[in-house]
Amino acid sequence: MDLYEHQARELFAEHGIVVPRAEVTDSPAGAREIARRLGGRAVVKAQVKTGGRGKAGGVRLAADPAEAEATARRILGMDIKGHRVGTVMLAEPVDVEHEFYVSYVLDRAAGRFLAIASAEGGTEIEEVAATRPEAVARIPIDPAVGVTSAKAAEIAAAAGLPTQSADVLVRLWQVLVREDALLVEANPLVRTRQGRIVALDGKVTLDDNSRFRQARWGDAPDTGRADPLEAAAAERGLNYVRLDGEVGVIGNGAGLVMSTLDVVARCGARPANFLDIGGGASAQVMADGLTVILSDPAVRSVLVNVFGGITACDAVADGIVRALDTVRLTRPLVVRLDGNNAARGRAILDDRAHPLVHQATTMDDAARRAAHLATAH
Ligand code: GDP
Ligand code: MN
């Protein structure tokens with residue numbers, strides 16, 4: 001899960017990294033109040049979980065509280081790369097002398113972390129990395145050792161960061177370790193005209209596997225998420241991706257779902273989504289999955305393709321029957337059950353005898369029928 005800038009800022013502050021004074025609001029009037037508390041001038045910053053806010057006009061300096069209010073009014077509700085701005089953070093402006101870039105990322109292939117740092121930080125960092133890779137230092141970090149003072153000094157020297165930034169480099173690493181993050185980034189990390197090192201912008205991605213240890217962030221979904229159906233699915237803990245076709249696809253296991261998408265495409269139809277109910281799926285998960293898929297008006301038929309393993313087919317069939325009690329089925333459902341307890345699962349669906357539920361015994365046959373139902377008139 002990605003954190004908002006204001007949440008990352010909070011973590012940085014807790015770990016002793018200097019950040020600008022700041023507060024968050026969802027209203028222009030609130031922005032005026034905050035600017036007043038900050039001393040009048042304020043940087044108004046869109047809170048969305050995507051980068052490039054500055055270039056999109058989502059980061060603006062306001063000279064006084066009235067201008068902060070007007071600026072917040074402009075930024076709130078803006079669309080930045082598909083993310084709607086619901087809140088703004090107002091920060092005390094910092095007198096920037098130089099902008100640096102620093103991040104720690106997990107390098108899965110190498111089984112290590114990587115420090116990426118540059119003396120040319122700021123909004124053009126992607127451009128710098130693409131055109132002059134030598135201006136960006138990449139230093140491997142042994143996760144068992146971490147970023148010691150010596151390592152921090154090595155990173156600072158390699159990237160041309162000021163010696164005094166070494167302390168911040170150690171603290172950013174502590175954020176990564178203690179907060180269970182996969183990515184910690186400060187861009188820009190700045191040296192102010194007063195000679196202080198300040199993190200002006202922060203990005204933190206938490207490891208979802210440790211959500212139970214990081215309960216303070218809750219399960220709050222990203223309300224600014226572009227696709228409302230994906231947001232609804234995420235709220236229910238479903239692994240769902242919306243596509244632009246007409247056949248809804250539900251399966252258990254990412255591999256099976258992906259093959260199902262391929263088979264649907266081969267039958268001349270287009271998948272409307274990817275939905276993996278996973279292993280050990282309950283009737284509730286099935287009901288939730290069907291609810292989400294049927295909320296998509298583009299869906300003209302639904303294909304359920306389950307190979308029973310840990311999730312037995314009778315449990316899936318129970319889930320479908322239960323879903324039929326809570327969801328009004330308006331489009332045909334083609335079900336293929338195979339594997340563990342397949343016969344029992346099929347019998348459960350036969351007993352329910354819903355006119356819109358069709359059963360198929362092979363994946364190819366099921367895909368053919370779902371594709372036909374979706375494309376025929
Ligand atoms: P991003 O575009 O989403 O990465 O948003 P940032 O928070 O990084 O802001 C973009 C740019 O705005 C930074 O690189 C700075 O150049 C500038 N900026 C943001 N806050 C301040 C500030 O307090 N003072 C100054 N001088 N520049 C700022
Ligand atoms: Mn930034």
Item to check | Same cluster (ILVMFWY, side-chain, under 4.5 Å), Leu243 and Val292 | outcome: no
Checklist entry - Ala199 and Ala186: which non-hydrogen atoms are nearest, and at how many Å? => result CB-CB, 4.4 Å
Checklist entry - Does Asp95 have any side chain to side chain contact (heavy atoms under 4.5 Å, CB included) partners at least two apart in sequence or in another chain, and if so, which? => result Arg193, Gln194
Checklist entry - Quick one: are Asp338 and Cys313 in side-chain contact, heavy atoms under 4.5 Å? => result no
Item to check | Leu161 vs Ile197 side-chain heavy atoms within contact, under 4.5 Å | outcome: no
Next on the checklist: I'd like to know if the side chain of Glu99 and the backbone of Asn187 have a donor-acceptor N/O pair within less than 3.5 Å.
Outcome noted: no
Checklist entry - Which is it for Met89 and Val24 under the side chain to side chain contact (heavy atoms under 4.5 Å, CB included) test, yes or no, and what are the steps along the way? => result CA-CA 4 Å; Met89 181 174 92; Val24 175; 4.2 Å; yes
Checklist entry - Do Arg322 and Asp318 sit within salt-bridge range, that is, some charged N less than 4.0 Å from a carboxylate O? => result no
Checklist entry - With sequence neighbours excluded, what pairs up with Glu67 under the side chain to side chain contact (heavy atoms under 4.5 Å, CB included) test? => result Ala62, Ala63, Asp64, Thr71
Next on the checklist: Which residues pass the side chain to side chain contact (heavy atoms under 4.5 Å, CB included) test with Glu10, not counting sequence neighbours?
Outcome noted: Glu14, Arg216, Trp217
Checklist outcome for this item: Apart from Val263 itself, members of its ILVMFWY cluster (side-chain separation under 4.5 Å) are Leu256, Phe307, Met363
Checklist entry - Are a donor atom and an acceptor atom from the side chains of Thr260 and Asn305 found within less than 3.5 Å of each other? => result yes
Checklist entry - Going by an N to O cut-off under 4.0 Å, is there a salt bridge joining Lys151 and Asp142? => result no
Next on the checklist: Just verifying a value: how many Å separate Ile155 CD1 and Ile139 CD1, rounded to the nearest 0.5 Å?
Outcome noted: 6.5 Å
Item to check | Flag, side chain of Thr326 to backbone of Ala323, donor-acceptor distance under 3.5 Å | outcome: yes
Next on the checklist: As a quick check of understanding, evaluate side chain to side chain contact (heavy atoms under 4.5 Å, CB included) for Val316 and Met286, giving each step before the final call.
Outcome noted: CA-CA 7 Å; Val316 172; Met286 194 64 198; 4.3 Å; yes
Next on the checklist: Is it the case that the side chain of Arg213 and the backbone of Asp180 share a donor-acceptor pair, with hydrogens and angles ignored and the cut-off at 3.5 Å?
Outcome noted: no
Next on the checklist: Whether the side chain of Tyr101 engages the backbone of Glu185 through a donor-acceptor N/O pair (distance < 3.5 Å, no angle test) should be reported.
Outcome noted: no
Next on the checklist: So does Asp314 get a backbone contact from the side chain of Asn341, meaning a donor-acceptor N/O pair under 3.5 Å?
Outcome noted: no
Next on the checklist: Tell me the closest heavy-atom pair linking Pro133 and Ala130, and the distance in Å.
Outcome noted: CD-O, 4.1 Å
Checklist entry - Any side-chain heavy atom of Gln174 within less than 4.5 Å of one from Val177? => result no
Checklist entry - With distance as the sole test, does Arg236 use its side chain to make a donor-acceptor pair with the main-chain N or O of Gly289 at under 3.5 Å? => result no
Checklist entry - Within the side chain of Gln47, is there an N or O that forms a donor-acceptor pair under 3.5 Å with the backbone of His6? => result yes
Item to check | Where Glu246 and Ala374 come nearest, the two heavy atoms and their spacing | outcome: CG-CB, 3.8 Å
Next on the checklist: If hydrophobic clusters are built by linking Ile, Leu, Val, Met, Phe, Trp and Tyr wherever their side-chain heavy atoms come under 4.5 Å apart, do Val264 and Val241 end up in the same one?
Outcome noted: yes
Checklist entry - CG of Leu303 to CG of Leu275: how many Å apart, nearest 0.5 Å? => result 11.5 Å
Checklist outcome for this item: dist Ile17:CD1 -> Leu189:CG (nearest 0.5 Å) comes out at 8.5 Å
Checklist entry - Any link between Val147 and Leu182 through a network of hydrophobic side chains (Ile, Leu, Val, Met, Phe, Trp, Tyr) touching at under 4.5 Å? => result yes
Item to check | From Ile320 atom CD1 to Ile348 atom CD1, the distance as rounded to the nearest 0.5 Å | outcome: 9.5 Å
Checklist entry - Do you know the tightest heavy-atom contact between Ala272 and Val299? => result CB-CG2, 3.7 Å
Checklist entry - Is there a side-chain contact between Trp173 and Val184, using heavy atoms and a 4.5 Å cut-off? => result no
Next on the checklist: Give me the atom names and distance for the closest heavy-atom approach of Phe12 to Val19.
Outcome noted: CB-CG1, 3.8 Å
Checklist entry - Would you call Arg211 and Asp208 a salt bridge, taking side-chain N to carboxylate O under 4.0 Å as the test? => result yes
Next on the checklist: For a salt bridge (Lys or Arg N to Asp or Glu O under 4.0 Å) check, start with the C-alpha distance between Arg266 and Asp262, then their side-chain angles and the critical distance, and finish with the verdict.
Outcome noted: CA-CA 6 Å; Arg266 207 179 58 206; Asp262 287 344; over 6 Å; no
Next on the checklist: Are Ile125 and Ser118 packed together at the side-chain level, in the sense that at least one heavy-atom pair is separated by less than 4.5 angstrom?
Outcome noted: yes
Checklist entry - Do the side chains of Val105 and Leu172 join up, straight or via other hydrophobic residues, at under 4.5 Å, putting them in one cluster? => result no
Checklist entry - Ile250 and Met258: same hydrophobic cluster, using ILVMFWY side-chain contacts below 4.5 Å? => result no
Checklist outcome for this item: When every non-hydrogen atom of Ala152 is compared with those of Leu169, the smallest separation belongs to O-CD1, 3.4 Å
Checklist entry - Would you say the side chain of Val190 lies within less than 4.5 Å of the side chain of Thr192, judging by non-hydrogen atoms? => result yes
Checklist entry - In terms of ring plane angle, is the pair His98 and Phe100 parallel, tilted or perpendicular, where the classes change at 30° and 60°? => result tilted
Item to check | Audit row: Tyr104, Val175, side chain to side chain contact (heavy atoms under 4.5 Å, CB included) steps and yes/no | outcome: CA-CA 10 Å; Tyr104 296 126; Val175 170; over 6 Å; no
Item to check | With sequence neighbours excluded, residues passing side chain to side chain contact (heavy atoms under 4.5 Å, CB included) with Ala157 | outcome: none
Checklist entry - Are there more than 12 heavy atoms of other residues, nucleotides or ligands under 6.0 Å from atom CZ of Arg138? => result no
Checklist entry - What distance do Asp207 atom CG and Leu183 atom CG have between them, rounded to the nearest 0.5 Å? => result 12.0 Å
Next on the checklist: Would the distance check show the side chain of Ser301 and the main-chain N or O of Pro332 forming a donor-acceptor pair, the cut-off being under 3.5 Å?
Outcome noted: no
Next on the checklist: Could you check whether any side-chain heavy atom of Leu3 comes within less than 4.5 Å of a side-chain heavy atom of Glu179, counting everything from C-beta outward?
Outcome noted: no
Next on the checklist: More than 12 heavy atoms of other residues, nucleotides or ligands under 6.0 Å from CZ of Arg74: yes or no?
Outcome noted: no
Checklist entry - Just by modelled atom types, is the Val249 backbone N or O under 3.5 Å from a matching donor or acceptor in the Asn273 side chain? => result yes
Item to check | Check ion pair Glu69-Arg32 (N to O, under 4.0 angstrom) | outcome: yes
Checklist entry - How far does CZ of Arg9 sit from CZ of Arg21, to the nearest 0.5 angstrom? => result 10.0 Å
Checklist entry - Is a side-chain N or O of Ser165 found less than 3.5 angstrom from the main chain of Val168, in a donor-acceptor match? => result no
Item to check | Arg196 atom CZ, over 12 foreign heavy atoms within 6.0 Å | outcome: no
Checklist entry - Do you know which of Lys49, Lys203, Arg53 makes side chain to side chain donor-acceptor pair (under 3.5 Å) with Glu5? => result Arg53
Next on the checklist: A side-chain contact here means heavy atoms from C-beta on lying under 4.5 Å apart; do Arg328 and Thr330 qualify?
Outcome noted: yes
Donor-acceptor pairs under 3.5 Å, side chain of residues 352-360 to any protein atom, not counting sequence neighbours: which ones?
{"from": "His354", "atom 1": "ND1", "to": "Leu356", "atom 2": "N", "distance (Å)": "3.0"}
{"from": "Gln359", "atom 1": "NE2", "to": "Arg346", "atom 2": "O", "distance (Å)": "3.0"}
{"from": "Gln359", "atom 1": "NE2", "to": "Asp350", "atom 2": "OD1", "distance (Å)": "3.0"}

